[in-house]
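All ligand and atom numbering here is 1-based and tracks the order in the structure. The structure presented is a predicted model; accordingly, all values stated were derived computationally and were not measured.
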Amino acid sequence: MTTLIIGSERASTFAQGVRDADPSFNIRTWPDVPDPKAIRYALAWGPPPGELAKLPNLQLIVSVGAGVDHLLKDPSLPGVPVVRFVDEDLTGRMVSYVAANVLYHHRRMIELREKQAARTWEYLAEPAAHELTVGIMGLGVLGQACAKALGPLGYKLAGWTRGPKEVANVKCFAGSAGLDAFLGETDILVVLLPLTPDTRGIITRKLLSKLHRPAILPGPVLINAGRGGLQSEDGIIASLDAGELYAASLDVFSTEPLPASHAVWAHKRILLTPHIAAESDPRAIARYLVAQVGRSKRGEPLPNLVDRARGY
Ligand code: NAP
Ligand code: GLV
């Protein structure tokens with residue numbers, strides 16, 4: 001029974017991690033697949049479409065990431081169970097990315113950097129944390145962990161989900177019926193949605209125009225650490241240039257790597273990071289793969305199973 005590691009630039013690091021975690025594992029890294037029939041399990045990140053369909057005895061696909069859009073976009077993806085990566089280390093990284101960016105914009109650091117460049121000593125008014133609502137689109141594993149971390153910093157919290165939800169200290173809204181009310185209370189919008197047919201392209205200039213305008217900050221803020229396909233980058237730039245949005249932190253983009261010619265790179269009100277909000281740690285991935293394969297072999301239920309019909 002062999003496991004194939006496919007699609008990730010870090011395949012050899014993952015392979016070493018798996019050997020360290022369980023030396024009995026047979027590992028292949030794509031495209032070194034001399035016997036496709038021997039492959040029972042796959043650890044995958046953005047595999048070339050059609051490649052997993054060439055494995056007739058595949059029993060389980062483990063996603064290197066928390067998101068699975070990189071797998072489900074393959075129309076020939078075999079109909080075997082897909083589990084996504086849910087892990088304390090990854091969650092902690094996302095929490096620190098979101099908290100850092102909420103605080104950065106709340107404290108107007110993007111403008112203070114501009115003042116520093118101009119050698120200008122100037123006080124900028126700031127709201128108290130309790131005067132701001134952080135609204136989180138997607139209150140799943142990551143969104144809820146971020147809410148839990150932001151609460152003690154004093155922010156009011158709102159959240160938007162597909163189905164109705166109750167989360168302590170978070171004012172919850174659901175579905176298209178709840179979206180405008182959610183936006184109307186949100187000063188700092190944190191996007192932690194999966195990319196699905198329902199969420200693709202959801203972050204538009206029109207949507208951003210519905211955000212609440214905070215009393216003291218120059219305008220509302222967008223932080224997207226979900227997926228680039230959720231957003232229109234042109235819409236975000238238009239919204240910033242029109243003063244409808246104050247600032248944005250973008251970790252993910254419609255095209256990755258972001259082309260050097262893209263206007264986002266040079267925009268003064270955008271803090272850009274290259275999809276690093278929450279990397280998957282290779283040792284944690286290796287342990288997770290070994291545990292999920294063990295459950296699959298024993299016929300046990302698989303945690304973090306993806307619902308293909310929902311797309312996440
Ligand atoms: P999750 O536990 O599956 O949670 C997804 C949340 O999104 C749920 O609350 C779900 O609502 C909500 N949702 C899904 N479709 C929706 C819709 N059509 N309308 C409203 N809400 C919707 O996922 P997670 O583990 O928190 O991860 C979220 C995403 O973060 C991943 O899919 C991935 O794209 C992204 N991510 C990015 C990085 C990075 O480094 N930038 C790292 C890890 C993950 P329900 O609660 O009603 O189901
Ligand atoms: C990273 O983007 C992930 O989905 O884990």
Going by atom types only, do [X] and [Y] share a side-chain donor-acceptor pair under 3.5 Å?
{"X": "H70", "Y": "S63", "answer": "yes"}
{"X": "T133", "Y": "H212", "answer": "no"}
{"X": "Q231", "Y": "S254", "answer": "no"}

Those protein residues which place at least one heavy atom below 4.0 Å from ligand 2: W45, G65, A66, G67, L90, R227, H275
Listed by chain and number, what are the salt bridge (charged side-chain N to carboxylate O under 4.0 Å, His left out) partners of R28, not counting sequence neighbours? D32
According to salt bridge (charged side-chain N to carboxylate O under 4.0 Å, His left out), who are the partners of K165, at least two apart in sequence or on a separate chain?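 If we apply the salt bridge (charged side-chain N to carboxylate O under 4.0 Å, His left out) test to K165, skipping adjacent residues, there are no hits.
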Protein N/O near ligand 1 N/O, under 3.5 Å, which pairs?
residue  : atom   : partner : partner atom : Å
ligand 1 : 2 (O)  : R84     : NH2          : 2.9
ligand 1 : 2 (O)  : V141    : N            : 2.9
ligand 1 : 9 (O)  : L139    : N            : 3.0
ligand 1 : 9 (O)  : G140    : N            : 3.2
ligand 1 : 11 (O) : R162    : N            : 3.2
ligand 1 : 21 (N) : R162    : N            : 3.0
ligand 1 : 25 (O) : R84     : NH1          : 2.9
ligand 1 : 25 (O) : R84     : NH2          : 3.1
ligand 1 : 26 (O) : V141    : N            : 3.4
ligand 1 : 26 (O) : L142    : N            : 2.9
ligand 1 : 34 (O) : G226    : O            : 3.4
ligand 1 : 34 (O) : R227    : NH1          : 3.3
ligand 1 : 40 (O) : A278    : N            : 3.0
ligand 1 : 41 (N) : A225    : O            : 3.0
ligand 1 : 41 (N) : D251    : OD2          : 2.9
ligand 1 : 46 (O) : K165    : NZ           : 2.7
ligand 1 : 47 (O) : R162    : N            : 3.1
ligand 1 : 47 (O) : G163    : N            : 2.8
ligand 1 : 48 (O) : Y312    : OH           : 2.6

Side chains of P220 and L189: closer than 4.5 Å at any heavy-atom pair? no
Validation row: L211, D187 side chains within 4.5 angstrom (heavy atoms):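 When only atoms from C-beta onward are counted, D187 and L211 do not touch, as no gap falls below 4.5 Å.
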Y155 and H106: aromatic ring centres closer than 6.0 Å?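 Ring centroids of Y155 and H106 are less than 6.0 Å from each other.
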Flag this pair as yes if the NZ/CZ of R310 is under 6.0 angstrom from the six-membered ring centre of Y312 and inside a 45 degree cone about the axis; otherwise no.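 Judged by the rule (NZ or CZ under 6.0 Å from the ring centre, within 45° of its axis), R310 counts as positioned above Y312.
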